[in-house]
There are 2 protein chains.
Amino acid sequence: MQAAMAINSLNRPHPSLIPTRSEVGRSDVDTAGKAGCGDCVLGKLCLPRIFTSLSQDSVRGHLNSLVRQNKALLKRKDVLFHQGHEFDSLYVVRTGAIKTVMLDENGTEHITGFHLPGDIVGLDGISTSRYATTAIALDSTSVCTLPFAALEKVASQVPDVQHHVFRIMAQEIQKDQHMMLTLGHRSAEQRLAGFLLRLSQHFQHRHLAADSFRLPMSRGEIGNFLGLAVETVCRILTRFQKIELLQTDGRSVSQLDIAGLKALMSTPVREL
Amino acid sequence: MQAAMAINSLNRPHPSLIPTRSEVGRSDVDTAGKAGCGDCVLGKLCLPRIFTSLSQDSVRGHLNSLVRQNKALLKRKDVLFHQGHEFDSLYVVRTGAIKTVMLDENGTEHITGFHLPGDIVGLDGISTSRYATTAIALDSTSVCTLPFAALEKVASQVPDVQHHVFRIMAQEIQKDQHMMLTLGHRSAEQRLAGFLLRLSQHFQHRHLAADSFRLPMSRGEIGNFLGLAVETVCRILTRFQKIELLQTDGRSVSQLDIAGLKALMSTPVREL
DNA sequence: CGTGCATTTGACTACGCTCAATTCCGGTGG
DNA sequence: CCACCGGAATTGAGCGTAGTCAAATGCACG
């Protein structure tokens, strides 16, 4: 199975980070999906962040042709794109969850982000024309494909679209900078509290319960992402349970005390 | 002096991070400068990253009109733009150095980046139409101003320009993600080694000595940026001197052992 | 020439990592 | 359907890196 191959090649450090494209092409994911994405292009579920406020028919036409029938279904551990492969598309997560993993020079894996429905993945590939990370599904996940060349074309014809793409990229920059702050200046407790709050917020925005949800990732992945050892993540979670900030059962989190976590966040920070 | 005011308001936590624009406008920097930026628009010194490979006269005209006479000179500690102020322009550092500082909810300062000649600052303002950081000159610094509205207009008319802007923003994303890795997964020694190497590389690209240069920022600023205490930065620098990886004299660094530092970087990393 | 910040060094502390062992859970095959 | 296996999660013990506090020195700017 090709997807499995891709995963394995991730696990053992690969000397050449630029494998050829063909071997693990987009063919390892189901590109069929249900037909007729048309109605979701401007809807909230599919491309909420890009196309809000775009409604002229001409634009709608452009965008529909862009994403129509460009859906893909991924199973857990399927690879959406691979670090070093030629960049050609962005993807919008529709359901499920995706992690992006960077393999550094030494062969160590670093998770650069978790991406939930509405998020866009692949932006890191634009600068070098090669994906800078590998995107892996954490769950059964469906995505919309946005061929970047086509997106650029539409963007150059419709200023609104161009503007939106700029904004989306700038949002990513802000998000990453915020993460830099977190990693550089906050304690393990605060990192985890912030992480949970961000997840909670995400679910709230989608009209789901903000205080009780399922984590799509393992403790190990959380730790890797936050720069903490697995054991630290565990210990802090149990500590949080003891002081009633939340309850956990495996990957389920419930009774999240949002105010309490926020209070933790505003605790005196390392001044440095 | 208005610039000083701006600095002070940074040092003590300001409840409202969105001050009015007028009080500390762009008027606190010398916008005059020498006339005739025309010849540097496509040159290596002024806008190297944006306009490489653009040479058609039409493009040149657009770009010249964009940046001509839009230069500003900053003195040490002058504020180029202020967090929360309305975003309108990007800036290209021509000479000197700039730091971007983010003031978080708790009033703590976090340095999100140092920007040397050729770097672009202000990208973080695009997403919200307000600058997300305050940009402060570390030295006497000159910048080119790129009014963003005008840049967007040119970008929508000239696909090459649009593409370049996308790339520049994606580069920033990659840079920030790399920083996330550094902060989350590397030891203090490795962070500092990486920091020095990046500086060294920057100077080398501009045909300056790679193994001997002046740091434009204080130890404290380095520490803040790297998520380390000032004392740690000092201690590691003296340690580096003891093992002959470099020599320091105040802010001057010399005899940088680039290979040695690189070796340090590839030392086993925390697995997490 | 003095005041104040930057830098350096030392002593001590503590947060979070490592190593190790156990338990829990999910998936797989009999 | 249950037993088994392997990875995930949890908990404990001990340690090390880097932070905190404190003090001395250096340096720049007024």
Side-chain angles (χ1 to χ4, degrees), chain A residues 4 7-8 11 75-77 99 108 111 138-140 182-193 214-242 246-253 264 267-272, chain B residues 1 4 7-8 11 75-77 99 108-109 111 138-140 182-193 214-242 246-253 264 267-272:
Chain A
I7 299 287
N8 288 339
N11 288 341
K75 298 182 303 299
R76 195 172 125 75
K77 295 198 175 185
K99 68 172 173 181
T108 318
I111 296 176
L138 294 169
D139 266 332
S140 290
T182 299
L183 294 173
H185 296 259
R186 307 192 100 95
S187 70
E189 273 195 1
Q190 290 181 317
R191 291 184 210 183
L192 204 49
R214 200 152 206 301
L215 298 171
M217 70 293 285
S218 72
R219 305 281 193 269
E221 288 166 331
I222 295 175
N224 182 300
F225 178 60
L226 296 177
L228 301 171
V230 197
E231 297 93 327
T232 305
V233 175
C234 279
R235 271 187 262 269
I236 290 178
L237 281 178
T238 62
R239 203 184 305 163
F240 280 177
Q241 288 185 78
K242 283 204 185 101
L246 54 78
Q247 293 303 314
T248 67
D249 174 25
R251 293 193 179 183
S252 308
V253 176
L264 228 173
T267 270
V269 187
R270 298 191 304 154
E271 276 302 335
L272 299 190
Chain B
M1 189 192 288
I7 299 286
N8 288 337
N11 288 341
K75 296 180 303 299
R76 195 172 124 73
K77 295 199 174 183
K99 66 172 174 182
T108 319
E109 280 189 29
I111 295 175
L138 294 169
D139 267 332
S140 291
T182 300
L183 294 174
H185 295 259
R186 308 192 97 95
S187 69
E189 272 194 2
Q190 290 181 316
R191 292 185 210 181
L192 204 47
R214 198 149 208 301
L215 299 169
M217 71 293 283
S218 73
R219 305 280 192 273
E221 288 166 330
I222 295 174
N224 183 300
F225 178 61
L226 295 178
L228 301 172
V230 196
E231 296 92 326
T232 306
V233 175
C234 279
R235 270 188 264 269
I236 291 177
L237 281 178
T238 63
R239 203 183 307 162
F240 280 176
Q241 289 184 76
K242 282 202 186 102
L246 53 78
Q247 292 304 314
T248 66
D249 174 24
R251 294 193 180 182
S252 308
V253 176
L264 228 171
T267 270
V269 186
R270 297 191 304 154
E271 276 303 333
L272 297 190

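Protein chains get the first letters and strands the later ones, always in sequence-line order, with residue 1 at the start of each. For clarity, every value in this text was computed on a predicted model and none was experimentally measured.
- One interatomic measurement links the two molecules: CD of B:Gln190 to C1' of D:dT17, which rounds to 13 Å at whole-angstrom precision.
- To the nearest angstrom, P of D:dA28 lies 17 Å from CG of B:Leu138.
- Side chain of A:Arg235, nearest nucleotide from C:dT8, D:dA13, C:dG10: D:dA13.
- B:Ile236 places its CD1 atom 16 Å from the C1' atom of C:dG10, with the value rounded to the nearest Å.
- Two residues, A:Gly250 and A:Arg191, neighbour DNA chain C, and the one matched to the more 5' nucleotide by heavy-atom proximity is A:Arg191.
- Taking atom CD of B:Gln241 as the reference point, atom P of C:dT8 lies 8 Å away to the nearest angstrom.
- Counting all heavy atoms, side chain and backbone alike, B:Gln247 lies closest to B:Gln241 at OE1-OE1, 3.5 Å.
- Here the P atom of nucleotide C:dC15 and the CZ atom of A:Arg186 are 17 Å apart, to the nearest Å.
- Comparing C:dG16, C:dA6, D:dA8 by their closest approach to the side chain of A:Ala188 singles out C:dG16.
- Both B:Glu189 and B:Arg76 sit near DNA chain D, but only B:Glu189 has its closest nucleotide nearer the 5' end.
- Here A:Ser187 does not reach the OP1 or OP2 of C:dC15: none of its side-chain N or O atoms lies under 4.0 Å away.
- Tested against B:Ile236, the residues B:Val233, B:Thr232, B:Thr238 include a single side-chain contact (heavy atoms from CB on, under 4.5 Å) partner, B:Thr232.
- Between A:Leu264 and A:Gln190, the closest heavy-atom pair is O-NE2, 3.3 Å.
- Using a 4.0 Å heavy-atom distance criterion, B:Gly223 is classed as making no nucleic acid contact.
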Candidate pair B:Leu138 and B:Glu221, rule side-chain contact (heavy atoms from CB on, under 4.5 Å), full reasoning:
CA-CA 10 Å; B:Leu138 294 169; B:Glu221 288 166 330; 3.6 Å; yes
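- Between B:His185 atom NE2 and C:dT18 atom P there is a gap of 12 Å when expressed in whole angstrom units.
- D:dT11 atom P lies 10 Å from atom CG of A:Leu237, rounded to whole Å.
- As a whole-Å value, the separation of A:Arg239 CZ from D:dT11 P is 12 Å.
- Distances shorter than 4.0 Å separate some side-chain N or O of B:Thr232 from OP1 or OP2 on D:dG19.
- Nearest nucleotide to the side chain of B:Arg251, out of D:dT11, C:dA6, D:dA18: C:dA6.
- Sequence order on DNA chain D of the closest nucleotides to A:Glu231 and B:Ala229 puts A:Glu231 first from the 5' end.
- In this structure, the nucleotide among C:dT9, D:dT10, D:dA9 sitting nearest to the side chain of B:Thr238 is C:dT9.
- Nearest heavy-atom pair across A:Arg219 and A:Gly250 is NH2-O, 2.8 Å.
- Across all strands shown, A:Leu228 has heavy atoms under 4.0 Å from sugar-phosphate atoms exclusively, and none from any base.
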